[in-house]
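Both ligands and their constituent atoms are indexed starting at 1 by order of listing.
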Amino acid sequence: MSDRVIEFFFDVGSPYTYLAATQVTAIEARTGVRVRHRPFLLGGVFKATGNTPPAQVASRGRWMVQDLGRWAAKYGVPFAIASRFPLNTLATQRVLAAAERTGGEAAVRALALPLFRAFWVEDRDVSSPAVLVEVANACGLDGTMLVESANAPETKELLRASTEEAVARGAFGAPSFFVGDQLFFGNDRIGHLEDLLASH
Ligand SMILES: N[C@@H](CCC(=O)N[C@@H](CS)C(=O)NCC(=O)O)C(=O)O
């Protein structure tokens, strides 16, 4: 593995970010560059930038359902529009920030895709403490401790700081990948990211 890094700012409530999250291992295998999972709060990004969720335009929302289905089929991954979408993911993202604070990137990585799957495949309420505890425990983490730590001031501050950092670096939505100061927005820009890594 190279000593370079791909930073992956993600929020479990974003369907395009779920698609991107299913590709992390393949991206690392193709590029030889490690992906660092960085939970942030997409709602905070929208608020800070004045951006809005794309599905607020009804016709775009209907098209997105088709587009997301096509990407899922292309990747060969299960996907269904979550019945609770759009979800307030503050509790979810704070649990991920708690995992980052207490267990480092390895803990975030262990928890991220199972939480995405719980929401975008199993249609579970990933903002519920009971579901968060169960999913984290199933990953071999201490779910009760993470849900408790989610409300610690240090955890709230970590999530706020990561969100502010992403916005300061130019993020306006999710998924947001960074290679150094270069932003790649969207699951559909993973190819551009890999082109950059191949050219340097
Ligand atoms: N074309 C992008 C779309 C990604 C997207 O729409 N992400 C939403 C959250 S699910 C977002 O943050 N949108 C902000 C925007 O489109 O400005 C992709 O294929 O991933």
Side-chain angles (χ1 to χ4, degrees), residues 6-28 30-31 35-94 96-97 108 112-127 159-160 162-179 182-197:
I6 300 164
E7 292 170 88
F8 173 40
F9 284 88
F10 71 96
D11 185 311
V12 168
S14 157
Y16 284 103
T17 309
Y18 158 68
L19 291 168
T22 66
Q23 302 307 300
V24 163
T25 309
I27 294 168
E28 289 182 329
R30 285 194 296 264
T31 62
V35 173
R36 178 182 169 203
H37 291 69
R38 301 202 57 188
F40 74 167
L41 190 65
L42 182 56
V45 173
F46 284 153
K47 197 168 169 192
T49 57
N51 200 358
T52 50
Q56 279 186 4
V57 175
S59 49
R60 187 169 179 181
R62 285 191 293 277
W63 170 82
M64 270 174 58
V65 174
Q66 294 182 324
D67 187 53
L68 290 160
R70 290 183 193 124
W71 274 104
K74 185 178 171 71
Y75 285 158
V77 297
F79 171 78
I81 290 291
S83 61
R84 294 170 186 82
F85 176 67
L87 183 75
N88 180 340
T89 54
L90 182 59
T92 325
Q93 296 305 109
R94 278 187 179 158
L96 283 155
V108 184
L113 195 51
L115 278 177
F116 273 113
R117 286 200 188 110
F119 192 51
W120 292 109
V121 179
E122 296 153 22
D123 200 21
R124 305 193 70 193
D125 180 0
V126 293
S127 66
L159 185 63
R160 190 168 28 243
S162 297
T163 305
E164 283 173 4
E165 181 193 324
V167 170
R169 292 168 70 183
F172 53 87
S176 287
F177 293 96
F178 285 92
V179 177
Q182 298 230 31
L183 165 65
F184 297 87
F185 165 66
N187 164 70
D188 57 356
R189 297 303 196 273
I190 289 172
H192 290 185
L193 182 158
E194 293 188 7
D195 289 347
L196 173 90
L197 291 171

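Here the protein heavy atom with the shortest distance to atom 13 (N) of ligand 1 is Pro54 CD, 3.5 Å. With respect to atom 20 (O) of ligand 1, the closest heavy atom belonging to the protein is Asn187 N, 2.7 Å. The nearest protein atom to atom 5 (C) of ligand 1, hydrogens excluded, is given as Tyr16 CD1, 3.4 Å; this is a heavy-atom distance. Nearest to atom 17 (O) of ligand 1 among the protein's heavy atoms is Asn51 ND2, 2.9 Å.
The distance from the CG atom of Leu68 to the OH atom of Tyr18 is 10.5 Å, given to the nearest 0.5 Å.
Side-chain N or O atoms of Arg117 include none that pairs as donor or acceptor with a backbone N or O of Glu122 at under 3.5 Å. A donor-acceptor pair is defined here as one N or O able to donate and one able to accept, closer than 3.5 Å; such a pair exists between the side chain of Glu28 and the backbone of Val35. Judged by distance alone, the side chain of Trp71 and the main-chain N or O of Ala20 form no donor-acceptor pair under 3.5 Å. Remark: side-chain polar atoms of Glu7 are not paired, donor with acceptor, to backbone N or O of Arg36 under 3.5 angstrom. Here the side chain of Ser176 pairs a donor or acceptor atom with the backbone of Gly173 at under 3.5 angstrom.
With ligand atoms numbered from 1 in the order given, ligand 1 contributes 11 (C), 12 (O), 14 (C) to contacts under 4.0 Å with heavy atoms of Phe46. Close contacts of ligand 1 with Phe185, meaning ligand atoms under 4.0 Å from a residue heavy atom, involve 4 (C), 5 (C), 7 (N), 11 (C), 12 (O), 13 (N), 14 (C), 15 (C), 16 (O). Close approach to Phe172 involves these atoms of ligand 1, each under 4.0 Å from a residue heavy atom: 17 (O).
Between Phe10 and Phe116, the ring-plane angle classifies as tilted under the 30° and 60° cut-offs.
Between Trp71 and ligand 1, no N or O atom pair is found at a separation short of 3.5 Å.
For atom 19 (O) of ligand 1, the nearest non-hydrogen atom from the set Asp67, Ile190, Asp11, Asp188 belongs to Asp188. Proximity annotation for atom 8 (C) of ligand 1: of Ala174, Gly173, Ser14, Ala174 comes nearest, heavy atoms only.
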